[in-house]
A.B. asks: 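Just passing along the structure, written as structure tokens.
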Number of protein chains: 2
Amino acid sequence: MATSRSGDRRTQADRRARTRSALLESAARGLSAHGYANLSLERVAGEAGYTRGALYHQFANKEELAQAVVEWVGETWRAEVGGPASAHQDPVEALCALARAHAVYCRRDIAGVMMTLQIEFSGRDHPVARALERNVRPLITEWGGRIAQARESGALPPGPPPEETASAYFGTLQGVTIALAGRAPHDVRLAEGAVRGVLGLPPAAPGEPVLTPPGRGAAP
Amino acid sequence: MATSRSGDRRTQADRRARTRSALLESAARGLSAHGYANLSLERVAGEAGYTRGALYHQFANKEELAQAVVEWVGETWRAEVGGPASAHQDPVEALCALARAHAVYCRRDIAGVMMTLQIEFSGRDHPVARALERNVRPLITEWGGRIAQARESGALPPGPPPEETASAYFGTLQGVTIALAGRAPHDVRLAEGAVRGVLGLPPAAPGEPVLTPPGRGAAP
DNA sequence: AAAGTAACATACAGACATGTACGTATGTGA
DNA sequence: TCACATACGTACATGTCTGTATGTTACTTT
């Protein structure tokens, strides 16, 4: 007889990794849409094609699942947004590229995970809050540093303390991308405009065409 | 014996209004900090100095309480932010004044109510979601109209459709103010900068002193 | 001042979600 | 092929929250 599902006949480790990914993605969607408290593990498992038994076999409890989602989202963000933007030498260009890449990244339905959890756990002492802090804090320092660097070189005008400006930068970016909910193609342009305003930059020259990478667009 | 609390000896209507206000404010703080699902009515009543019995005497259920909070916050916002900003004749000046006033408004601890609920109920069919829609939708149309008006007069450069730009405007504003959590005095400047960027405006002239009205500052 | 009504407290029932114990199926190594 | 480990499903025990029913206190009216 054929195996239960297509391509399921694999090694144990592979099987485990497969279901773990499915559960993580389902949990990410659920967290983004409903938040932590409203997240029903039965629905998370159900939408992934499993039951709560499988979920509790992979994750110790709800907290640990949420922490794993945070780490997973953080990794994909660094791979698709943070890393490529950091590659730019010019700090100003790096900051603008980050905003554009983030807008594209947010076209997926897992964009709200970080913002939702940050709001839900802000000011609380909770393992999930610490996981968020571990993923967000380095960004503030890294990009706050680049803001300071750009100001020293005169590429950016003076302004509030770099770390505060960086906080405003990321808050702005999250706010504008969530409000637009990934409505291409204007999301990229508006995101860049918003952060340019926070940084004290004039509007971008309208000549350069807004490049819109395939944010979960239709296949081939 | 003396009455239970100071100045409690009042008429029934006054007594009712008093506890209703206390419950609303407590619920607003709770919603802002923990969201709807995490909001425990026992804690809401307790922090207001009552029990759940009083709460259920004033509000039919949790939904209605949340709706009342939304209306209450909406009213105070219109009184302190939306109304004064609308009074400006020049659309651009009105849009910038709105951003500054909103930043000041958000120095209170009830600032996150709208954003939290919007995220928690986005894309759901729920009475609270409809209450939010009723309070937010008119803003998008009103201020989208002023954006269109400013573009026609040349005060604003062309951009995405006015309603989409207005969505981005408010999302940006909420994001930047929440990120700064009302940290005066830079919140006002950064909020205005962010929305100027969304609108395609150049940075504000640094000459004019940033006016910071008393956002819950210590009394004289 | 006493009856009556509104405001509020307390006690209880139902729903729902988490976490655990245990059973079953599937893959792995001797 | 047989013993074992891992992946997953099912059933239950526990706690927490909402909503309701009932009792008690504060005010109003006559």
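Because only heavy atoms are used, hydrogens play no part in the values below, and waters and symmetry mates are left out as well, while side chains stay in. Each chain gets a letter, A, B and so on, in the order its sequence line appears, and its residues count up from 1.
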A.B. asks: What is the distance, to the nearest angstrom, from the CD atom on A/Glu64 to the P atom on C/dT20?
C.D. replies: 12 Å
A.B. asks: When the distance from NE2 of B/His34 to P of D/dC17 is rounded to whole Å, what number comes out?
C.D. replies: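 Interatomic distance, NE2 of B/His34 to P of D/dC17: 12 Å.
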A.B. asks: Between the axis at one end of the helix from C/dA1-D/dT30 to C/dA30-D/dT1 and the axis at the other (five pairs apiece), what's the angle to 10 degrees?
C.D. replies: 10°
A.B. asks: Just by modelled atom types, is the A/Gly82 backbone N or O under 3.5 Å from a matching donor or acceptor in the A/Ser86 side chain?
C.D. replies: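 Pair found, side chain donor or acceptor close to backbone of A/Gly82.
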A.B. asks: Sub-3.5 Å donor-acceptor pair from the side chain of B/Lys62 to the main-chain atoms of B/Tyr36, do we have one?
C.D. replies: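 It does hold such a pair.
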A.B. asks: Does any donor atom in the side chain of B/Gln58 or B/Thr19 lie under 3.5 Å from an acceptor atom in the other side chain?
C.D. replies: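 A pair is found: one side chain offers a donor N or O, the other an acceptor, under 3.5 Å apart.
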A.B. asks: Does B/Glu42 have more than 12 heavy atoms from other residues, nucleotides or ligands lying within 6.0 Å of its CD?
C.D. replies: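 Open: at most 12 neighbouring heavy atoms sit under 6.0 Å from CD of B/Glu42.
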A.B. asks: Tell me: CD of B/Glu63 to C1' of D/dG19, nearest whole Å?
C.D. replies: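 My rounded result for the distance is 12 Å.
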A.B. asks: Among side-chain atoms of A/Thr76 and A/Tyr105, is any donor-acceptor pair under 3.5 angstrom?
C.D. replies: yes
A.B. asks: Out of D/dA26, D/dA7, C/dT18, which nucleotide sits closest to the side chain of B/Arg15?
C.D. replies: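 Out of D/dA26, D/dA7, C/dT18, the nucleotide with an atom closest to B/Arg15's side chain is D/dA26.
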A.B. asks: Classify every nucleotide of nucleotides 9-16 of chain C by which part a protein heavy atom approaches to under 4.0 Å, writing B for the base, S for the sugar-phosphate alone and - for neither, in 5'-to-3' order.
C.D. replies: BB------
A.B. asks: Take the protein atom CD of A/Glu42 and the nucleotide atom P of C/dA17, then report the distance between them rounded to whole Å.
C.D. replies: 8 Å
A.B. asks: Among D/dA7, C/dT18, D/dT18, which nucleotide has an atom closest to any side-chain atom of A/Leu41?
C.D. replies: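 Taking heavy atoms from C-beta onward, the closest nucleotide is C/dT18.
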A.B. asks: Measure the distance from CZ on A/Phe59 to P on C/dT20 and round it to the nearest whole Å.
C.D. replies: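 From A/Phe59 CZ to C/dT20 P: 16 Å.
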A.B. asks: Name the atoms and distances for all side-chain donor-acceptor pairs under 3.5 Å in residues 124-131 of chain B, with sequence neighbours left out.
C.D. replies:
| unit_1 | atom_1 | unit_2 | atom_2 | d |
| --- | --- | --- | --- | --- |
| B/Arg124 | NH2 | B/Glu120 | O | 2.9 |
| B/Asp125 | OD1 | B/Arg130 | NH1 | 2.7 |
| B/His126 | ND1 | B/Val128 | N | 3.1 |

A.B. asks: With no hydrogens and no angle check, is any side-chain donor or acceptor of A/Arg183 less than 3.5 Å from a backbone partner on A/Ala179?
C.D. replies: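 Looks like yes, one N/O pair under 3.5 Å.
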A.B. asks: Are the side chain of B/Arg137 and the backbone N or O of B/Arg134 linked by a donor-acceptor pair below 3.5 Å?
C.D. replies: no
A.B. asks: Look at the side chain of A/Arg16 and decide which nucleotide, out of D/dA7, C/dC8, C/dA17, has an atom nearest to it.
C.D. replies: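 For the A/Arg16 side chain, the nearest candidate turns out to be D/dA7.
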A.B. asks: What integer distance in Å separates B/Asn61:CG from D/dT18:P?
C.D. replies: 11 Å
A.B. asks: Is the phosphate of C/dC8, meaning OP1 or OP2, less than 4.0 Å from a side-chain N or O of B/Gln58?
C.D. replies: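 Yes, such a contact exists.
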A.B. asks: At 4.0 Å (heavy atoms only), tell me whether A/Leu39 reaches a base, stays on the sugar-phosphate, or touches nothing.
C.D. replies: sugar-phosphate
A.B. asks: Would you confirm whether B/Thr172, through its side chain, and B/Ala168, through its main-chain N or O, come within 3.5 Å as a donor-acceptor pair?
C.D. replies: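 Looks like yes, one N/O pair under 3.5 Å.
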A.B. asks: Which listed nucleotide (C/dT18, D/dT6, C/dC8) is nearest to the side chain of A/His57?
C.D. replies: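 Between C/dT18, D/dT6, C/dC8, the one nearest the side chain of A/His57 would be D/dT6.
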A.B. asks: Between D/dT16 atom C1' and B/Arg43 atom CZ, what is the distance in whole Å?
C.D. replies: 13 Å
A.B. asks: Take the protein atom OH of A/Tyr56 and the nucleotide atom P of D/dT10, then report the distance between them rounded to whole Å.
C.D. replies: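 From A/Tyr56 OH to D/dT10 P: 16 Å.
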